[in-house]
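These values consider heavy atoms only, across backbone and side chains, with no hydrogens, waters or symmetry-generated copies. Just so we're on the same page: letters track the sequence lines, and every chain starts at 1.
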Number of protein chains: 2
Amino acid sequence: MGAGTNGDEVEDTLSSDVETYVREGPGKRFIEPRILFLLSRGPAHGYDLISRMGEVPLPGPVPDTGAVYRKLREMEGRGLVTSRWDEKGGGPRRRVYRITAAGRRRLASWVEAIRQRMEMLQRFLDLCAEEGK
Amino acid sequence: MGAGTNGDEVEDTLSSDVETYVREGPGKRFIEPRILFLLSRGPAHGYDLISRMGEVPLPGPVPDTGAVYRKLREMEGRGLVTSRWDEKGGGPRRRVYRITAAGRRRLASWVEAIRQRMEMLQRFLDLCAEEGK
DNA sequence: CGATGATATATGTCTTTGACATATACATTA
DNA sequence: TAATGTATATGTCAAAGACATATATCATCG
């Protein structure tokens with residue numbers, strides 16, 4: 001997305017992430033953006049993330065639990081989060097996740113991608129209003 | 001599918017169209033909104049719609065041709081568009097589509113759903129900015 | 001004439017995403 | 001002991017859509 005009309009240029013490595021996300025979208029349930037957002041506030045385990053998914057102001061219902069656990073493992077494989085088992089405390093073991101620096105950059109990419117997608121959506125709304133739909 | 005090309009509109013319980021679309025989203029490629037938007041400007045056949053998909057200011061690449069033809073038939077089944085064969089003129093036969101009144105209402109529902117989704121996305125962006133992401 | 005290419009519609013098949021259901025396990029409480 | 005809440009994980013299925021292919025008409029080129 002050209003859009004380079006503003007002063008602050010972004011590194012190429014970053015902007016290619018943004019382009020990909022603008023193109024492909026965040027997925028039906030915004031699973032990755034939701035996870036990165038919640039983890040940017042502090043470490044948490046999966047069940048905890050799932051129970052707080054609804055706090056993230058993004059459209060649609062919260063994702064399925066299975067989808068969240070699977071996405072977390074996949075994101076760990078991509079280096080966006082790390083995990084370790086937390087033994088202390090009663091109850092079943094918890095896998096505690098932390099966001100990495102790469103994960104924070106990824107969240108920033110999502111924010112920028114969402115911003116760019118919103119610009120296009122606004123153009124669509126304007127055009128529809130203009131044509132009296 | 002002979003498509004009961006109806007003269008009459010299909011009655012919708014349109015009360016919850018918007019809610020459904022806000023919840024489920026427009027699909028990865030915005031196929032239905034793109035089609036309804038283009039047809040709101042006038043009748044067109046599938047190939048024509050496909051070649052003009054890129055004119056619609058919505059995020060992401062234009063959808064696959066197969067997906068468009070299948071979606072058109074499905075939308076005809078739901079009474080959002082009607083079609084008839086256009087024989088005149090050289091070249092292969094064209095199935096010309098027209099938007100129905102129900103289709104126009106559906107486009108209006110999409111516009112409202114997109115507006116509501118954008119409001120939520122804006123809240124997300126605001127929250128991210130506020131927390132210094 | 002036959003080959004090629006643009007126009008036009010349609011179907012076949014595969015991958016990805018995520019929903020729904022189930023499995024496993026620990027700890028507390030009834 | 002059984003049930004309940006917490007916690008992680010997998011099995012299976014359906015839907016959406018990508019990619020490839022099939023079919024047909026007509027114009028143009030050699």
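- An OP1 or OP2 oxygen of dA9(D) is reached within less than 4.0 angstrom by a side-chain nitrogen or oxygen of Arg73(A).
- For dA10(C), the OP1/OP2 oxygens have a side-chain nitrogen or oxygen of Arg95(B) closer than 4.0 Å.
- In terms of hydrophobic clustering, with Ile, Leu, Val, Met, Phe, Trp and Tyr side chains grouped at heavy-atom distances under 4.5 Å, Ile35(B) and Leu125(A) are assigned to a common cluster.
- Rounded to a whole Å, the CH2 atom of Trp85(A) is 11 Å from the P atom of dC26(C).
- The six-membered or imidazole ring of Phe30(A) lies away from that of Phe124(B), with a centre-to-centre distance of 6.0 Å or more.
- For Ile35(A) and dG18(C), the CD1 to P distance is 10 Å, given to the nearest whole Å.
- Both Phe30(A) and Tyr47(B) sit near DNA chain C, but only Tyr47(B) has its closest nucleotide nearer the 5' end.
- Between Arg70(A) and Glu74(A), none of the side-chain N atoms (NZ, or NE/NH1/NH2) sits under 4.0 Å from a carboxylate O, so this pair counts as no salt bridge.
- The separation between Arg52(B) atom CZ and dT7(C) atom C1' is 16 Å, rounded to whole Å.
- Here Tyr69(B) does not reach the OP1 or OP2 of dA10(C): none of its side-chain N or O atoms lies under 4.0 Å away.
- Distance, Arg70(A) CZ to dT8(D) C1': 12 Å, rounded to whole Å.
- Between Arg93(B) and Arg29(B), it is Arg29(B) whose nearest contact on DNA chain D lies nearer the 5' terminus.
- Using a 4.0 Å cut-off between charged side-chain N and carboxylate O, Asp86(A) and Arg93(A) make no salt bridge.
- Evaluation of atom-type donor-acceptor distances gives no pair under 3.5 Å for the side chain of Arg34(A) against the base of dG18(C).
- The distance from atom CD of Glu76(A) to atom P of dT8(D) is 12 Å, rounded to the nearest whole Å.
- Nearest-nucleotide mapping onto DNA chain C: of Pro63(A) and Pro92(A), the residue sitting toward the 5' end is Pro63(A).
- Comparing Thr65(B) and Lys71(B) against DNA chain D, the residue whose closest nucleotide sits nearer the 5' end is Lys71(B).
- In this structure, Leu49(A) places its CG atom 9 Å from P of dT8(D), rounding to the nearest Å.
- The separation between Ile31(B) atom CD1 and dA15(D) atom P is 16 Å, rounded to whole Å.
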